[in-house]
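A short write-up of the structure that comes next.
Hydrogens, waters and symmetry mates are skipped; everything else that's a heavy atom, side chains included, is used. This structure is a prediction, so every number in the text was calculated from the model and none was measured. We count residues from 1, following the sequence as given.
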Amino acid sequence: MSRLILLTIFLLLTACSSTGPVTFVPAKDSQRIVWPSAPEPARIEFITAFSNAQDLGIEKSIFTKLLDLFTGADDQNLARPYALAVFENRLAIADPDAAVVHLYDLKKQTYNRIERVAENQLESPISVAIDNHRLFIADSKSNKVFVLDSSNKLQHIIEGLERPTSLSLNPSQQRLFIADTLAHKVFAYDLVGNYLFKIGERGENDLEFNYPSHLAASDKKLFVNDTMNFRVQIFDSNGQHISTFGKQGDASGYLTQSKGIAVDSDGHIYIADALANRVQIFTQNGEFLLEFGNTGRQHGEFQMPTGLAVWNDKIFVADSYNQRIQVFQYLKVDE
């Protein structure tokens with residue numbers, strides 16, 4: 001009888017096979033969600049949304065499914081995704097309410113739930129950065145940044161920070177940038193954790209910050225969301241100030257409580273305006289171009305969007321209180 005029960009369980013588990021990974025292909029024309037609406041040419045298109053590994057076509061192994069039956073399954077659902085990072089086929093999501101980092105490899109079809117780093121229990125993982133060889137995790141409660149290798153083994157810990165809240169990686173410059181919100185500074189390190197330099201102090205002038213919250217590194221530039229100054233400051237990779245733009249307000253082109261920031265291949269700057277439940281797009285001169293999203297739970301709608309990441313002109317948005325990631329495509333002029 002016991003053999004029959006185990007065989008039945010095995011057959012049921014194997015029947016729930018994967019349909020393959022999500023390919024991030026836009027929907028058919030009749031189902032398209034785009035911005036701006038017709039007759040204007042579409043510039044942003046909704047692609048997909050996901051809340052767990054299964055939504056990405058990543059299925060548990062048969063052994064893991066059997067183990068879950070007896071020990072209980074780990075929760076793979078997103079609780080409150082706050083920040084994310086994408087590099088090629090690797091995707092990392094900081095989930096502070098669950099005190100975990102979700103790590104996906106879309107090519108290898110693997111999922112890892114990181115709760116500990118060596119002997120360090122994650123308490124409030126608030127930001128991540130990633131490349132092919134390393135994973136960086138900022139914990140805003142322990143005030144540490146953990147540097148992990150490709151096997152998720154601890155290599156180094158960056159300490160001495162007041163409140164690290166955002167990480168951004170510039171692989172071409174071999175630099176990691178850390179926004180220390182309570183210190184009103186941005187710190188630069190090399191990729192093994194050696195300190196290089198710092199930018200800023202508290203204030204309202206250029207090269208000064210008021211609770212900087214999110215960073216983006218792109219094309220030898222660093223973009224800093226200077227949140228409580230309601231503006232973005234742009235620096236070169238050595239910390240030299242280039243320009244500043246942004247004003248406080250509720251209308252399009254103004255900032256209320258801006259959070260995530262990212263840059264596409266044409267240099268457009270995306271800013272998650274959390275309280276307004278929208279993502280706004282600007283030129284690097286600060287000219288407002290377009291916004292997408294509004295309040296709600298349907299595709300293309302948000303409940304407190306926070307983290308942003310762009311890879312190959314796909315825009316990943318951490319839709320925090322909808323407990324999901326939404327993916328959009330930037331459509332170039334000739335597309």
Heavy atoms, side chains only, cut-off 4.5 Å: are R134 and L191 in contact?
yes

Full working for side chain to side chain contact (heavy atoms under 4.5 Å, CB included) between L135 and D149:
CA-CA 6 Å; L135 171 65; D149 64 15; over 6 Å; no

Look only at the side chain of Q326 and the backbone of E301, and say whether a donor-acceptor pair between them is shorter than 3.5 Å.
yes

Check whether Q248 reaches the backbone of N229 with its side chain - one donor and one acceptor, N or O, closer than 3.5 Å.
no

For Q121, does the CD atom sit with more than 12 other heavy atoms under 6.0 Å from it, leaving out its own atoms?
yes

Start with the C-alpha gap between H241 and T244, add the side-chain angles, then the distance that decides, and say whether side chain to side chain donor-acceptor pair (under 3.5 Å) holds.
CA-CA 8 Å; H241 182 265; T244 300; 2.7 Å; yes

Which heavy atom of I234 sits nearest a heavy atom of K221, and at what distance?
CG2-CD, 4.2 Å

Please confirm whether the ring centroid of W311 lies under 6.0 Å from the ring centroid of F316.
no

Please find out if less than 6.0 Å separates the ring center of F282 from that of F245.
yes

Side chain to side chain donor-acceptor pair (under 3.5 Å) for S51 and N77? Distances and angles first, verdict last.
CA-CA 6 Å; S51 298; N77 291 319; over 6 Å; no

Euclidean distance, R80 CZ relative to Q303 CD, rounded to 0.5 Å
14.0 Å

Roughly how far, to the nearest 0.5 Å, is the CD atom of Q257 from the CZ atom of F230?
8.5 Å

Going through the checks in order, is the side chain to side chain donor-acceptor pair (under 3.5 Å) test met by S140 and T165?
CA-CA 6 Å; S140 63; T165 56; over 6 Å; no

Any chain of hydrophobic side-chain contacts (each under 4.5 Å) joining V100 to V117?
no

Considering only heavy atoms from C-beta outward, does the side chain of L207 approach that of I199 to under 4.5 Å?
yes

Could you tell me whether a side-chain N or O of Q329 sits under 3.5 Å from a main-chain N or O of D313, the two making a donor and an acceptor?
yes

Positive for salt bridge (charged side-chain N to carboxylate O under 4.0 Å, His left out) with D226, one of R231, R202, K185:
R231

To the nearest 0.5 Å, what is the distance between CG on L308 and OH on Y270?
10.0 Å

What's the separation between atom CD1 in I47 and atom CD1 in I44, rounded to the nearest 0.5 Å?
9.5 Å

Between Q233 (side chain) and E208 (backbone), is there a donor-acceptor pair under 3.5 Å?
yes

Using the ring centroid of each side chain, check whether W35 and F46 are separated by less than 6.0 Å.
no

Examine distances only and state if a side-chain atom of E123 and a backbone atom of K141 form a donor-acceptor pair shorter than 3.5 Å.
no

Yes or no on salt bridge (Lys or Arg N to Asp or Glu O under 4.0 Å) for D319 and R324, after CA distance, side-chain angles and deciding distance?
CA-CA 5 Å; D319 188 6; R324 65 186 179 184; 2.7 Å; yes

Can any side-chain N or O of H184 pair as donor or acceptor with the backbone N or O of E201 at less than 3.5 Å?
no

In terms of hydrophobic clusters joined by side-chain contacts under 4.5 Å, are L91 and I58 together?
yes

Are any non-hydrogen side-chain atoms of V186 and I178 less than 4.5 angstrom apart?
no

If I take atom OG1 from residue T256 and atom CG from residue D250, how far apart are they, to the nearest 0.5 angstrom?
6.5 Å

Are the ring centres of F328 and F292 closer than 6.0 Å?
yes

Quick check against the 3.5 Å criterion: does N225 have a side-chain atom that pairs as donor or acceptor with the backbone of K259?
yes

Are H156 and F136, when compared by the centres of their aromatic rings, separated by less than 6.0 Å?
no

L196 with V192, same ILVMFWY side-chain cluster at under 4.5 Å
no

Side-chain contact test, heavy atoms from C-beta onward, threshold under 4.5 Å: evaluate it for K144 versus N120 and give yes or no.
yes

Do the side-chain N and O atoms of D266 and Y330 include a donor-acceptor pair separated by under 3.5 angstrom?
yes

Are any of the side-chain heavy atoms of L122 and I137 separated by less than 4.5 Å?
yes

Would you indicate whether the side-chain heavy atoms of F197 and R175 approach each other to under 4.5 Å?
yes

F187 with L182, same ILVMFWY side-chain cluster at under 4.5 Å:
no

Are any of the side-chain heavy atoms of V128 and I93 separated by less than 4.5 Å?
no

Hydrophobic clusters here meaning ILVMFWY residues chained together by side-chain heavy-atom distances under 4.5 Å, can you tell me if F50 and Y82 are in one?
no

Of all heavy-atom pairs between L215 and A179, which one has the smallest distance, and what is that distance?
CD1-N, 3.4 Å

